[in-house]
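Working notes for the structure below.
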Amino acid sequence: MAEREQVAQVAGATDDIWSKCPSCKEMAFRKEVERNLNVCPKCGYHFRVTVPQRLSISVDRGTWRELMADVAIGDPLGFVDSRPYPKRMAQARASSGRNDAVVVGLGKIENRPVALGVMDWDFMGGSMGVVVGEKLARLFDIAGERRLPVILFVASGGARMQEGALSLMQMAKVSSAIARFRDARLPYISVLCDPTTGGVAASFAMLGDLNISEPGALIGFAGRRVTAQTSNQELPDDFQRAEFLLAHGMLDAIVPRHQMRFTLARILAMLTKPRGNRGGAAGASKGKR
């Protein structure tokens with residue numbers, strides 16, 4: 001028994017030290033991969049990242065302020081599959097330390113103020129329920145009131161089946177909030193990460209003024225088998241990958257993780273007005289008259 005425990009401890013330590021790339025199958029030091037922004041140093045494969053990792057990569061240090069962290073839901077439908085819905089939620093909340101599958105707030109990217117939403121794949125597959133819809137809709141309304149651009153980092157398996165039709169209603173709810181936000185002529189940038197599927201891909205994830213993606217991200221509505229049966233066609237191997245969608249006009253750009261922050265800053269610089277010395281500008285123009 002002691003020998004088995006020792007072997008298990010060594011195996012666990014080895015797993016912590018090394019990381020195997022799903023794409024090139026090469027082994028790399030886990031710390032090396034993390035220092036490389038969770039991108040494989042051998043082939044460039046983009047590993048999925050947690051919400052804290054995404055925020056540290058994207059937002060200026062010390063500027064992040066989370067909003068609506070306490071918004072939560074109970075069990076509106078009394079849903080039970082292999083386990084009751086409240087037990088699933090309790091486990092997800094305990095492991096993630098948050099109430100649901102999206103984190104929203106305000107921050108700065110290269111010193112440019114922005115309203116930001118980050119979906120958490122580790123929380124029930126980033127599924128969209130009532131709380132996700134409510135927080136995103138409110139985020140767009142708050143951004144509209146404060147004249148801020150919105151950036152969403154999306155990673156989701158789609159609508160949350162345990163909330164039934166209530167989860168499907170969030171597609172229309174968030175889309176309506178985006179329409180109101182667009183009337184204010186403010187930019188919304190959607191960053192599609194791996195994976196972005198289901199009702200999320202069919203609604204707010206693809207409604208950005210600019211839709212960009214990380215390399216190799218899985219993006220689509222239904223799974224490969226369902227799509228093949230419905231269309232009765234032989235599908236390319238990569239038909240739901242970001243590169244295929246870019247080639248067929250469904251995305252505006254694919255941006256590697258190392259360039260994402262700089263690229264978003266450049267986009268914000270082009271699409272937003274400077275918030276600087278408006279009074280000075282007005283005084284200068286008055287003087288010229």
Side-chain angles (χ1 to χ4, degrees), residues 19 21-23 28 31-66 101-122 126 136 139-140 143 148-156 178 186-197 200-201 204-219 240-247 249-272:
S19 179
C21 175
S23 179
K31 289 294 183 182
E32 182 184 359
V33 175
E34 291 175 355
R35 284 194 297 268
N36 201 36
L37 304 185
N38 285 282
V39 176
C40 176
K42 308 286 176 56
C43 71
Y45 173 82
H46 283 51
F47 289 87
R48 294 170 185 170
V49 295
T50 64
V51 171
Q53 287 171 336
R54 179 68 67 185
L55 290 173
S56 67
I57 292 169
S58 307
V59 182
D60 296 354
R61 182 176 297 182
T63 65
W64 172 251
R65 182 164 65 89
E66 186 176 354
V102 70
V103 172
V104 300
L106 306 177
K108 292 183 179 181
I109 297 178
E110 299 293 339
N111 207 35
R112 294 185 175 276
V114 64
L116 199 71
V118 183
M119 298 197 71
D120 183 5
W121 171 257
D122 291 333
L136 290 178
L139 180 70
F140 278 101
L148 294 174
V150 172
I151 298 175
L152 296 186
F153 289 93
V154 186
S156 175
I178 293 172
L186 295 166
Y188 160 42
I189 303 167
S190 178
V191 183
L192 288 79
C193 307
D194 182 60
T196 301
T197 59
V200 170
F204 63 85
M206 297 298 289
L207 289 177
D209 297 302
L210 285 172
N211 297 322
I212 62 181
S213 172
E214 291 189 330
L218 176 67
I219 303 168
Q240 286 185 323
R241 293 294 171 180
E243 290 74 13
F244 185 88
L245 271 68
L246 178 65
M250 296 292 289
L251 291 174
D252 296 298
I254 295 175
V255 182
R257 193 169 291 160
H258 297 85
Q259 301 174 16
M260 184 66 74
R261 182 182 184 137
F262 173 71
T263 300
L264 290 174
R266 289 186 63 188
I267 292 172
L268 293 174
M270 289 187 287
L271 297 182
T272 58

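Computation of the quantities below employed the complete heavy-atom set of this structure, encompassing side-chain atoms and omitting hydrogens, waters and symmetry-equivalent molecules.
Within 6.0 Å of the CE atom in Met250, the count of heavy atoms belonging to other residues, nucleotides or ligands does not exceed 12.
How far CD1 of Ile109 is from OG of Ser58: 6.0 Å, rounded to the nearest 0.5 Å. Here CG of Leu139 is found 9.0 Å from CG of Leu148. Values are rounded to the nearest 0.5 Å. Leu264 CG to Ile151 CD1: the interatomic distance, rounded to the nearest 0.5 Å, is 4.5 Å. Atoms CG and CG, from Leu245 and Asp252 in turn, are 11.5 Å apart once rounded to the nearest 0.5 Å.
Counting only residues at least two apart or on different chains, no salt bridge (charged side-chain N to carboxylate O under 4.0 Å, His left out) pair has a member in residues 262-271.
Leu251 and Ala242 make their closest contact through CD1-O, 3.5 Å (heavy atoms, listed as atom of the first residue, atom of the second, distance). The two residues Met119 and Ser156 come nearest to each other via the heavy atoms CE-CB, 4.0 Å. Of all heavy-atom pairs spanning Ala201 and Met206, the tightest one is O-CG, 2.9 Å. Closest approach of Thr263 and Gln259 over heavy atoms only: OG1-O, 2.7 Å. Taking all atoms of both residues into account, the shortest heavy-atom contact from Ala205 to Ser190 is O-OG, 2.6 Å.
Partners of Asn211 by side chain to side chain donor-acceptor pair (under 3.5 Å), not counting sequence neighbours: none found. Applying the salt bridge (Lys or Arg N to Asp or Glu O under 4.0 Å) test to Glu110 and every residue at least two apart in sequence or in another chain returns Arg261. With sequence neighbours excluded, the residues forming a side chain to side chain donor-acceptor pair (under 3.5 Å) with Gln53 are Thr50, listed by chain and number. Evaluation of the side-chain contact (heavy atoms from CB on, under 4.5 Å) rule for Leu55 yields Val51, Val59, Trp64, Leu116, Val118 as partners, not counting sequence neighbours. In terms of the side chain to side chain donor-acceptor pair (under 3.5 Å) criterion, residue partners of Glu214 (sequence neighbours excluded) are, by chain and number, Arg54, Arg257. For Arg61, the side-chain contact (heavy atoms from CB on, under 4.5 Å) criterion is met by no residue, not counting sequence neighbours. Shown here are the side-chain contact (heavy atoms from CB on, under 4.5 Å) partners of Ala253, two or more places apart in sequence or in another chain: Ile212, Val255. Residues satisfying the side chain to side chain donor-acceptor pair (under 3.5 Å) test with Arg241, not counting sequence neighbours, are none. Under the salt bridge (Lys or Arg N to Asp or Glu O under 4.0 Å) criterion, Asp209 pairs with Arg182, not counting sequence neighbours. With sequence neighbours excluded, the residues forming a ring pair (Phe, Tyr, Trp, His ring centres under 6.0 Å) with Phe140 are Phe181, Tyr188, listed by chain and number.
Between the Glu243 side chain and the Gly216 main chain, a donor and an acceptor come within less than 3.5 Å of each other. For the pair Ser213 (side chain) and Leu192 (backbone), a donor-acceptor distance under 3.5 Å is present.
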- Message: Using side chain to side chain contact (heavy atoms under 4.5 Å, CB included), reason through Leu186 and Val150 one step at a time and then give a plain yes or no.
- Response: CA-CA 8 Å; Leu186 295 166; Val150 172; over 6 Å; no
- Task: Show your working on side chain to side chain contact (heavy atoms under 4.5 Å, CB included) between Phe47 and Ser19 and close with a plain yes or no.
- Result: CA-CA 10 Å; Phe47 289 87; Ser19 179; 3.9 Å; yes
- Message: Before you tell me yes or no, could you show the steps for Cys21 and Cys43 under side chain to side chain contact (heavy atoms under 4.5 Å, CB included), namely the whole-Å CA-CA distance, both residues' side-chain angles and the distance that decides it to 0.1 Å?
- Response: CA-CA 9 Å; Cys21 175; Cys43 71; 3.6 Å; yes
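In this structure the side chain of Pro187 reaches within 4.5 angstrom of the side chain of Thr272, judged on heavy atoms.
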Tell me which donor-acceptor pairs under 3.5 Å the side chains of residues 32-39 have, and how far apart each pair is, sequence neighbours excluded?
| unit_1 | atom_1 | unit_2 | atom_2 | d |
| --- | --- | --- | --- | --- |
| Asn36 | OD1 | His258 | NE2 | 3.0 |
| Asn36 | ND2 | Val39 | O | 2.8 |

